[in-house]
Amino acid sequence: MVAQVFGRERAEALLDGLNGPEARQAKNHLAGFAALSSARRQARVAVEFGVRPDAAARLRGVMEAASEVLRREIFRRLPPYHRSLFPERQLEPPDAAATPAVCALAERLIREATR
């Protein structure tokens with residue numbers, strides 16, 4: 001995964017130094033990872049390596065720029081450790097104004113801010 005993320009074009013060449021079953025296994029993992037869409041690769045990297053170090057600042061920026069309906073939906077969807085960034089907000093039940101499009105946008109903005 002690291003070879004693909006940081007080496008892209010050279011990823012396979014970076015694995016050429018491995019021998020035996022480890023080499024086959026690494027190349028199989030690389031092929032599977034390279035075959036994923038960009039969004040899925042980013043998601044895997046985020047899951048494996050955690051959130052961005054500047055995720056808190058990015059989330060604050062997103063919340064500041066969002067409309068109130070979107071802010072409520074973003075806050076509802078944040079994990080508890082990120083909700084603590086916004087002590088002035090309270091968890092509210094889903095709002096009727098939160099259309100499926102608003103909900104999808106909230107999810108996307110959270111992913112983009114934290115990965």
Side-chain angles (χ1 to χ4, degrees):
M1 191 179 306
V2 171
Q4 176 67 27
V5 170
F6 292 114
R8 292 190 192 194
E9 297 82 27
R10 303 177 344 188
E12 195 165 335
L14 290 170
L15 299 179
D16 285 341
L18 298 175
N19 293 318
E22 291 86 9
R24 282 189 301 280
Q25 185 178 21
K27 287 182 180 183
N28 287 339
H29 284 298
L30 176 63
F33 188 70
L36 297 174
S37 69
S38 175
R40 292 217 183 262
R41 277 194 307 273
Q42 289 177 17
R44 282 284 302 277
V45 169
V47 167
E48 297 295 330
F49 295 107
V51 297
R52 298 174 56 107
D54 62 345
R58 290 170 58 97
L59 282 169
R60 284 188 187 104
V62 166
M63 289 289 274
E64 191 174 296
S67 68
E68 186 55 34
V69 171
L70 186 54
R71 280 184 195 141
R72 283 193 301 266
E73 198 55 36
I74 290 170
F75 186 76
R76 259 185 18 81
R77 294 168 181 276
L78 286 174
Y81 57 91
H82 282 311
R83 282 190 200 133
S84 65
L85 296 170
F86 308 100
E88 70 284 357
R89 298 200 77 82
Q90 291 183 353
L91 194 57
E92 300 174 16
D95 188 345
T99 65
V102 169
C103 295
L105 180 57
E107 289 284 339
R108 177 65 186 247
L109 290 171
I110 291 168
R111 277 195 310 275
E112 292 295 325
T114 57
R115 292 187 188 159

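Keep in mind the model is a prediction, meaning the values are calculated, not measured.
Under a hydrophobic-cluster definition in which Ile, Leu, Val, Met, Phe, Trp and Tyr are linked whenever side-chain heavy atoms come within less than 4.5 Å, directly or via other members, Leu91 and Met63 are assigned to the same cluster.
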Mind running salt bridge (Lys or Arg N to Asp or Glu O under 4.0 Å) on Glu112 and Arg108 for me, showing each step along the way?
CA-CA 6 Å; Glu112 292 295 325; Arg108 177 65 186 247; 2.9 Å; yes
Decide yes or no on salt bridge (Lys or Arg N to Asp or Glu O under 4.0 Å) for Arg76 and Glu92, but give the supporting numbers first.
CA-CA 7 Å; Arg76 259 185 18 81; Glu92 300 174 16; over 6 Å; no
Can you check side-chain contact (heavy atoms from CB on, under 4.5 Å) on Glu107 and Glu73, steps first, answer last?
CA-CA 9 Å; Glu107 289 284 339; Glu73 198 55 36; over 6 Å; no
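Contact detail for Ala98 and Cys103: the closest heavy-atom pair is O-SG, 3.7 Å. In terms of heavy atoms, Phe75 sits closest to Arg83 at O-NE, 3.2 Å. Minimum interatomic distance between Val62 and Ala113 (heavy atoms only, all atoms of both residues): CG2-CB, 4.2 Å.
Taking the side chain as every heavy atom from C-beta outward, Glu68 and Arg72 approach each other to under 4.5 Å. Side-chain contact between Arg71 and Phe86: absent, with no pair of heavy atoms (C-beta onward) separated by less than 4.5 Å.
With respect to Leu109, the side-chain contact (heavy atoms from CB on, under 4.5 Å) criterion is satisfied by exactly one of Leu59, Thr114, Leu70: Leu70.
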